[in-house]
Structures are given as structure tokens and as C-alpha cells.
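Note that the structure is predicted; figures quoted are calculated from it, not measured. Values below: every heavy atom of this structure, side chains too, minus hydrogens, waters and symmetry copies.
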Number of protein chains: 2
Amino acid sequence: MIRVMLVDDQELLRTGFRMVLGAQPDVEVVAEAADGRAAVEVLRGVEVDVVLMDVRMPVMDGVEATRLIRAVEGGPRVLILTTFDLDEYVFAALKAGASGFLLKDVPPVDLVSAIRSVHGGDAVVAPSATRRLLERFAVHLPASGGVEPGAVSGLTAREREVLVLVARGLSNAEIAGRLELAEATVKTHLGRVLAKLGLRDRAQVVVFAYEAGLVVPHSAG
Amino acid sequence: MIRVMLVDDQELLRTGFRMVLGAQPDVEVVAEAADGRAAVEVLRGVEVDVVLMDVRMPVMDGVEATRLIRAVEGGPRVLILTTFDLDEYVFAALKAGASGFLLKDVPPVDLVSAIRSVHGGDAVVAPSATRRLLERFAVHLPASGGVEPGAVSGLTAREREVLVLVARGLSNAEIAGRLELAEATVKTHLGRVLAKLGLRDRAQVVVFAYEAGLVVPHSAG
DNA sequence: GCGCCCTTCCCCCGAAAGGGGGAGACCCGC
DNA sequence: GCGGGTCTCCCCCTTTCGGGGGAAGGGCGC
């Protein structure tokens, strides 16, 4: 039995979800709240597996509530519900520890299977938004759009390739495997990278890659 | 009719996929290739809607092939197939413009619906990997409130000190000089850092430091 | 006092990395 | 053809790293 909590400031919407979920044999709505703060309060006294959380709410929004809920060890997982598409709010909620998100017009069947997935430890993303999520994810590459020649001065394509893999923490052997090269070749390329950039070892290569924006921390945009 | 191309160096796997897809009324396998370069060549002469692309292949891997294919305006969408789970390769492919990825052991039903989704402009992600994708996407905010001692799990003050210097690209000898310690001591501390954080070498320490926000690009120095 | 952890430093060892040189292959421009 | 650049791979070598011990002092709590 999956114990679900509904958090949304719209009474009608909660009613609708309650009816849909009530019809399921393995799902049980055990709690409700109309805003984030109330939700956090209620959760102190009720055992819940999955929280269906609206993003935009009065008093405390879904992002902050998600953060507080996820800060507790062994607390429930949070599935974000949003009226509109993927927006900054949703991204913030994901960063706050949500297990995924759905649009509120999700077909009941999909909602239930999403709850089961989240309960099982998986994450879910509204299909219509997956593309945009990936796009957003893909933005993380070399400083906006292309590899500017200036930053990596006279490096060849192969050398840059090796550089980036070094910057991901791979050993020469691993890079060789990934690029299907001999380790000797990787060493040759890396040696030239070190010489051209005036670096001493691979640790400095990693530093350079981050500082030059060739590699971007996944936390930041 | 959705025109599909199969790109994989394993003949048997292509055969299996061809049979599964051939049974679908709205899907048609119109081309095949055994490596990325061949795929790009073939695509110059054949109209394709969706490319099912293996990642690891000889000659040219799926990442580079995806990049080339997606560089063409109005070209086909690319769906990545991977044997293993989410790895650096898959991330690279997504960054290169892939519309998503599936594990090769995907149930036929899911494969077909994924192809339809991709053809319709949506993206798809293997359900088992969605959670990890979101983690990777969302995890560690840049420790906005400063670096609290507990953040780096069980590291001692001295270990964190060494970690940061490693993350600046210093050698053990240089760190020893700066902290006025013997190099042996630095090695001891660093060894514990590696063990506690599950890292292999100092290059991975640098990666960790940037990803965890212990070191921030530009502020370097 | 005793145990525990942190810190400091030492040994030895094997593996990985960095540096030197050389060489064959390819492509491209002259 | 001939040179330049890139990519590939090999040899040799020294240094650095990382991992396995061990050991000694200090602080802190019980």
C-alpha cells in the first residue's frame, strides 16, 4: 500500500486526485495540505511514502517545502505537479530534491504508474517536458555554443578530446578504452596538451578545464 | 510511416531490432549501418525520421555521429541505445543532440512507443535511469551557504585543507611546503580523502572539488 | 588511566604518470 | 614529389602517486 499525501491550494484539484487515487487498490491518500508549511507540519505526525506537491502555493511554495521534506532522512519522496510546462519553478524543485514532475492534466493511468515508480525509487518526468529537460541539460557544454579557439589555443581536435576526458577524472587507460586507442597514444596527446598549455600534470589539466569553461560543474548552469 | 535507421556494430542486435520493428504497422527500417561514419554516409542518400544509435562503435562512436547528424538542419532525430546504464558516454550523446536513450534490453512495446515519441518531437529516457539523470542534473547546489564542515561527509579539517590544495593543482611536495608538513604526511591525508570520498586519484579529487562547489571557477587563484 | 581519533612521519612496494626520442601512416598544400 | 602537420604506436627512462604497513605524540571523553 502506497501512502500518498496531496499538497495543493486548490481544493477542487485535491478532490479530483483523491478520487482517482482512491480507486486504486495499492494507493491510499493518507494526508492533505493546502500549502507548503502546512504540509511540513502534517508530515511530522503522519507516515507518508509519496507527496504530490504543487509548485505555486501561498505561505510556502512547493520548492521550499520539498527542500524541507527531503532534508529529513528517510522522509517521503516528492513528485511535483505543475499546471504549466517546465519552468524555473520546476527546475528549482528538482534541485531541491523532487523525484520528478508531472503536468496536472496527466491521465489518471499515468499518474498512478508515476506514483508507483517514485515509490520504487525511480524518477519520472512529464513526457512532454522530457525534451526540454534534456535540452536544458545539454546547455552545459563548452561556454555557450562552440569551442572558442582562443581558449584552447593551438590544441588539435584529438588533444581537446583527451583533455576533456582527463578533466572528467579518467585515467590514461580508461581514455584509451573509450577512444579505442593505445594507452601510449593517449600519453602522447596528453603530453602535448601539458606542453602547449604549460601545465604539469593531469590534476592541473582538470583545474584548467574547469577554469576555462571546457567543463562545467553540473550544479551550476 | 516512421522511417527508422539502425546503427550498431552488432549484426545480431540489428537483426533483432529489425524483426521487432518490422512487425509494426507504422514503422519501417529503411537503413542500417555498423558504425558512426557509415551511418553519416548513408544518411546523405536516405530519408530517415529516427536513428537508433549505439554508443560504442568502432571507427566513429555514437556520440560523434550524433553530433554530425544533428548538425544538419531538418535531419533525423537520434535515439541512443546503450547496453549498460547511464554513463559518461550517454551524457555526451545527450549533449551532442540525442533525443534520449534506452537500454538495449528495452521491451519491444516500449521501444516502439519510444520511437513514436521521438518522432513526435518528444524525448525519452530509460525509466531506470531517469532518477540518476535528475540527480546528475539537480544534485549539489553550490553550497550557497558557505562550506559547512559536514558537507564533505567525514573529512577532518586537515583533510579538507589538503583536498582544496589538491584541487588547485598543487603536487604533494608543494602542499607539504605550503602547510609546512612532510610530504609523507600530505600523502597520508590525501590517501584518507581518496578512501573516504571513494575517489581514485588527485585528478578525480579536483573534479569532486569543483562539482561539490568546494572550489569555484574564476575565483581560483 | 584507557581508548579513540587526529595528526605527524617513516618504511617499502607496484602502478601510473610524465618526458625523451623515434617511426610509420595519412592528408593537405606547395 | 616534398614538407608540414596530425594521428598513431613503440621504446626507454625517472618521478610521482597511491596503498600497505607501522609508530609516536596530543587531545578528548569516559
Between [N] ([atom2]) and [X] ([atom1]): distance, integer Å:
X	N	atom1	atom2	result
B:Arg160	C:dT7	CZ	C1'	15 Å
B:Arg192	D:dG20	CZ	P	13 Å
B:Arg158	C:dC9	CZ	C1'	13 Å
A:Leu155	D:dG5	CG	C1'	15 Å
A:Leu194	D:dT15	CG	C1'	14 Å
A:His189	D:dC7	NE2	P	6 Å
A:Lys187	C:dG20	NZ	C1'	11 Å
A:Arg202	C:dA15	CZ	C1'	13 Å

Would you indicate, yes or no, if [N] has its OP1 or OP2 atom less than 4.0 angstrom from a side-chain nitrogen or oxygen of [X]?
X	N	answer
A:Thr185	D:dC9	yes
A:Thr156	D:dC7	yes
A:Asn172	C:dA16	no
B:Arg200	D:dG18	no

Q. Less than 4.5 Å apart, any side-chain heavy atom of A:Val78 and any of A:Arg70?
A.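 Counting from C-beta outward, A:Val78 and A:Arg70 do come under 4.5 Å.
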Q | Residue pair A:Asp49 / A:Val4, side-chain heavy-atom distance below 4.5 Å | A |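 The answer is no; the side chains never approach within 4.5 Å.
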Q) Are B:Glu174 and A:Arg200 ion-paired here, with the side-chain N under 4.0 Å from a carboxylate O? A)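 Yes.
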(Q) What contact category does B:Ala182 fall into here, base, sugar-phosphate, or nothing, at under 4.0 angstrom with non-hydrogen atoms? (A)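 Sugar-phosphate, no base atom in range.
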Q. Reckon B:Ser171 touches a base, only the sugar-phosphate, or nothing at all at heavy-atom distances under 4.0 Å?
A.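 Counting heavy atoms under 4.0 Å across all strands, the contact made by B:Ser171 is with sugar-phosphate only.
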Q: Starting from the C-alpha separation in whole Å, work towards a yes-or-no answer on side-chain contact (heavy atoms from CB on, under 4.5 Å) for A:Val215 and A:Arg168.
A: CA-CA 8 Å; A:Val215 173; A:Arg168 297 232 187 279; 3.7 Å; yes
Q) Checking side-chain contact (heavy atoms from CB on, under 4.5 Å) for the pair B:Val63/B:Arg67: CA distance, chi angles, key distance, verdict? A) CA-CA 6 Å; B:Val63 177; B:Arg67 200 187 321 280; 3.6 Å; yes
Q | B:Glu183 or A:Ala195, whichever maps to the more 5' nucleotide of DNA chain C | A |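 In this pair, the answer is B:Glu183.
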Q: Check if the side chain of B:Thr188 and the base of C:dC9 share a donor-acceptor pair of N or O atoms closer than 3.5 Å.
A: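 Side chain to base: pair present.
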